[in-house]
2 protein chains.
Amino acid sequence: MKALKYSRQREAIKDFLAARTDHPTADIIYSHIREDFPNISLGTVYRNLSLLAERGEILKLSCGDNADHFDGCTAPHYHFFCRKCQSVSDLELPDMDIINLAASRKFCGKIEGHTLYFYGICKACNTREKLEEESFSQTNENENFSQNA
Amino acid sequence: MKALKYSRQREAIKDFLAARTDHPTADIIYSHIREDFPNISLGTVYRNLSLLAERGEILKLSCGDNADHFDGCTAPHYHFFCRKCQSVSDLELPDMDIINLAASRKFCGKIEGHTLYFYGICKACNTREKLEEESFSQTNENENFSQNA
DNA sequence: ATAATAACAGTAATTATTATCAATTTTTAT
DNA sequence: ATAAAAATTGATAATAATTACTGTTATTAT
């Protein structure tokens with residue numbers, strides 16, 4: 001694999017991702033990089049994200065919300081996708097290669113790895129949901145009180 | 001969830017998927033259903049695939065090759081994605097909900113499930129690869145022989 | 001049988017992403 | 001330091017997958 005020629009834009013994209021713990025999409029990255037490089041084009045962002053992912057310097061995450069997300073941290077870990085706010089968060093679990101073994105026993109072919117995403121409700125949405133339930137049941141209590149009165 | 005009004009097109013799509021073990025994309029499904037319904041439109045295929053998936057009558061698979069695949073079998077099992085021929089095959093492994101438990105211990109939020117895809121080289125591509133290697137080394141032997149002669 | 005409405009075909013619009021290309025930036029060789 | 005070579009860029013066009021819109025047709029309930 002041939003070395004890449006340096007570019008300020010690519011460096012900025014890499015630094016930007018390294019400084020975040022969320023997992024922005026290409027257009028989010030674009031809108032932020034634009035603050036430092038007002039003339040950068042979206043194509044440049046896409047091209048560099050692909051190059052960096054290809055070389056394993058960042059991770060490309062396809063979690064099924066049909067927009068790729070990118071992760072500046074390449075240490076092995078998994079991801080969680082919130083079905084309410086669509087956010088992607090890290091889940092610090094070591095690589096479970098035992099999963100590959102289980103699959104190998106059932107499959108005729110070469111299993112090289114797996115992609116695993118968890119889904120559900122993130123902490124923030126969970127808290128918000130509970131608050132809404134509370135205020136909803138309070139409303140109901142008031143309604144009942146009015147009817148009874 | 002309201003009941004759906006019957007439609008021959010939707011029935012045909014469901015039957016088509018039930019009869020296959022591969023996991024076709026919307027446009028593949030479209031091209032086949034067209035043999036029986038020459039006037040069906042691609043939008044109808046997409047709409048019905050979404051409806052059926054929403055109701056759990058089929059599965060929508062997003063395996064990162066940016067075209068959704070569909071599976072007529074909803075019994076719990078996993079999938080394998082061949083990075084060579086991009087085919088998606090079934091992997092009859094029971095649902096490993098132990099994975100969710102491991103994740104729950106490391107995550108503040110509600111984990112409802114996971115999506116897990118295996119990747120590597122499928123049986124067919126693996127065989128083909130070996131054949132090519134063989135014929136390649138034979139070619140080399142011949143070349144060496146010519147040079148030595 | 002008829003009215004209400006869900007689903008349809010056809011088509012336009014949207015969204016994410018990739019490709020093209022002349023101009024610029026970075027690297028290499030002098 | 002300078003010029004030639006090569007990679008990268010910005011701008012824009014093109015593609016691919018999917019969704020939205022609209023007038024017509026099929027299904028269901030009365």
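Basis for what follows: all heavy atoms, side chains included, without hydrogens, waters or symmetry-related copies. Lettering follows sequence order; numbering is per chain, from 1.
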query: Which whole-number value in Å describes the distance from A/Lys2 NZ to C/dT26 C1'?
result: 14 Å

field: Atom pair CD1 (A/Ile28) and CD1 (A/Ile33), whose distance is rounded to the nearest 0.5 Å
entry: 12.5 Å

- prompt: Quick one: is A/Ser7 getting a side-chain N or O under 4.0 Å of the D/dT9 phosphate, OP1 or OP2?
  reply: yes

Which atom pairs, one a donor and one an acceptor, fall under 3.5 Å between side chains of residues 112-120 of chain A and the rest of the protein, sequence neighbours left out?
residue, atom, partner, partner atom, Å
A/Glu112, OE1, B/Arg83, NE, 2.7
A/Glu112, OE2, B/Arg83, NH2, 2.9
A/His114, ND1, A/Asn100, OD1, 2.7
A/His114, NE2, A/Tyr78, OH, 2.9
A/Tyr117, OH, A/Ser62, N, 3.3

- prompt: Does A/Gln9 place a side-chain N or O at less than 4.0 Å from the phosphate oxygens OP1/OP2 of C/dT25?
  reply: no

message: Holding to ring-ring contact (aromatic ring centres under 6.0 Å, His included), I want the full list of residues that pass it with A/Phe80, two or more places apart in sequence or in another chain.
response: B/Phe107

field: Inter-axis angle, terminal five-pair segments of the helix from C/dA1-D/dT30 to C/dT30-D/dA1 [nearest 10°]
entry: 40°

Identify each donor-acceptor pair in which a side-chain atom of residues 4-12 of chain A lies under 3.5 Å from a protein atom, sequence neighbours left out, and give them as a table.
residue, atom, partner, partner atom, Å
A/Ser7, OG, A/Arg10, N, 3.0
A/Arg10, NH1, A/Asn48, OD1, 2.8
A/Arg10, NH2, A/Lys5, O, 2.3

query: With sequence neighbours left out, what residues match B/Tyr30 under ring-ring contact (aromatic ring centres under 6.0 Å, His included)?
result: none

task: Consider the side chain of B/Ser41, meaning its heavy atoms from C-beta on, and name the nucleotide among C/dA7, D/dA11, C/dA9 that approaches it most closely.
output: C/dA9

field: For atom CZ of A/Arg10 and atom P of D/dG10, their distance in whole Å
entry: 12 Å

- request: Could you state the atom-to-atom distance from CG of B/Leu52 to C1' of C/dA7 in whole Å?
  value: 13 Å

field: All side-chain hydrogen bond (donor to acceptor under 3.5 Å, both in side chains) counterparts of A/Lys60, not counting sequence neighbours
entry: none

- request: Could you tell me the separation between the NZ atom of A/Lys5 and the P atom of D/dA4, rounded to a whole number of Å?
  value: 15 Å

Whole-Å distance separating the OH atom of B/Tyr30 from the P atom of D/dA17: 14 Å

- line: Residues in residues 78-89 of chain A with a heavy atom under 4.0 Å of DNA chain D, by number, are none

message: I need the B/Ile13 CD1 to B/Asp36 CG distance, nearest 0.5 Å.
response: 11.5 Å

For residues 19-26 of chain A, which side-chain N or O atoms pair as donor and acceptor with protein atoms under 3.5 Å away, sequence neighbours left out?
residue, atom, partner, partner atom, Å
A/Arg20, NE, A/Asp22, OD1, 2.9
A/Arg20, NH2, A/Asp22, OD1, 3.3
A/Arg20, NH2, A/Asp22, OD2, 2.6
A/His23, ND1, A/Val88, O, 2.9
A/His23, NE2, A/Asp71, OD2, 3.2
A/His23, NE2, A/Asp90, OD1, 2.8
A/Thr25, OG1, A/Asp27, OD1, 2.7

- request: May I ask you to evaluate whether A/Asn48 reaches the phosphate of D/dT9, defined as a side-chain N or O under 4.0 Å from OP1 or OP2?
  value: yes

Spacing between B/Arg8 atom CZ and D/dT25 atom P, to the nearest angstrom: 13 Å

field: 5′-ward residue of the pair B/Tyr6/A/Leu51 relative to DNA chain D
entry: A/Leu51

- prompt: Does a donor on one side chain and an acceptor on the other come within less than 3.5 Å for A/Asp65 and A/His69?
  reply: yes

- prompt: Taking only residues at least two apart or on different chains, which pairs with a member in residues 85-105 of chain A satisfy ring-ring contact (aromatic ring centres under 6.0 Å, His included)?
  reply: none

field: For B/Phe81, all residues meeting ring-ring contact (aromatic ring centres under 6.0 Å, His included), sequence neighbours excluded
entry: none

task: Round to a whole Å and report the spacing from CE of B/Met1 to P of C/dA6.
output: 15 Å

- request: Take nucleotides 15-21 of chain C nucleotide by nucleotide from the 5' end and write B, S or -, depending on whether a protein heavy atom sits under 4.0 Å from the base, only from the sugar-phosphate, or from neither.
  value: -SBB---

task: Can you tell me the distance, in whole Å, between the CD1 atom of B/Ile29 and the P atom of D/dA17?
output: 13 Å

query: Is there any side-chain hydrogen bond (donor to acceptor under 3.5 Å, both in side chains) pair reaching into residues 49-58 of chain A, and which pairs are they, with sequence neighbours excluded?
result: A/Lys14-A/Glu57

